[in-house]
J.: 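I am attaching a structure below and will ask some questions about it afterwards.
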Amino acid sequence: TALQTGLIKINPAIKDWRKEVEGYVWDESQEDRPVKENDHFMDATRYFVKTMRVTKRRSNYAPLWN
């Protein structure tokens with residue numbers, strides 16, 4: 001959702017991120033869970049969105065970098 005709505009963007013220079021996304025697969029036999037192989041970028045992206053609460057608006061937002 002964060003990617004689709006433009007809340008986060010991935011730098012096109014990170015070519016391995018795109019390769020990993022294109023190879024990301026779901027194991028439908030185990031309640032629709034992702035296969036835990038070659039998923040480091042996906043895990044990092046998901047962690048970033050959850051940690052930074054990207055999808056939840058906050059009125060007291062403070063940027064990490066100036």
Side-chain angles (χ1 to χ4, degrees):
T1 300
L3 281 167
Q4 290 173 339
T5 59
L7 290 172
I8 65 169
K9 296 180 182 182
I10 305 300
N11 187 320
I14 308 173
K15 296 184 186 326
D16 288 338
W17 188 91
R18 184 171 183 108
K19 282 186 207 174
E20 186 176 296
V21 169
E22 292 170 351
Y24 199 64
V25 294
W26 294 84
D27 184 356
E28 296 174 11
S29 67
Q30 294 184 355
E31 300 177 20
D32 203 28
R33 293 183 185 182
V35 174
K36 297 300 291 174
E37 290 180 10
N38 303 317
D39 64 345
H40 301 299
F41 282 115
M42 295 293 90
D43 283 345
T45 304
R46 187 171 32 255
Y47 180 75
F48 173 79
V49 170
K50 293 280 188 187
T51 302
M52 298 306 297
R53 295 188 228 169
V54 171
T55 57
K56 295 180 182 178
R57 296 283 182 210
R58 292 185 295 176
S59 59
N60 61 346
Y61 172 77
L64 292 175
W65 301 276
N66 291 338

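Reckoned from all heavy atoms, side chains included, excluding hydrogens, waters and symmetry mates.
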J.: Could you pull out all residues at least two apart from Ile8 that satisfy side-chain contact (heavy atoms from CB on, under 4.5 Å)?
T.: Ala2, Leu3, Thr45, Phe48, Val49, Val54

J.: Could I get the full list of salt bridge (charged side-chain N to carboxylate O under 4.0 Å, His left out) partners for Lys50, not counting sequence neighbours?
T.: none

J.: Roughly how far, to the nearest 0.5 Å, is CZ of Phe41 from CD1 of Ile14?
T.: 6.5 Å

J.: May I have all residue pairs that pass salt bridge (Lys or Arg N to Asp or Glu O under 4.0 Å) and include part of residues 8-19, sequence neighbours excluded?
T.: Asp16-Lys19, Arg18-Glu22

J.: For Met42 versus Glu20, what's the shortest heavy-atom pair and its separation?
T.: N-OE2, 2.8 Å

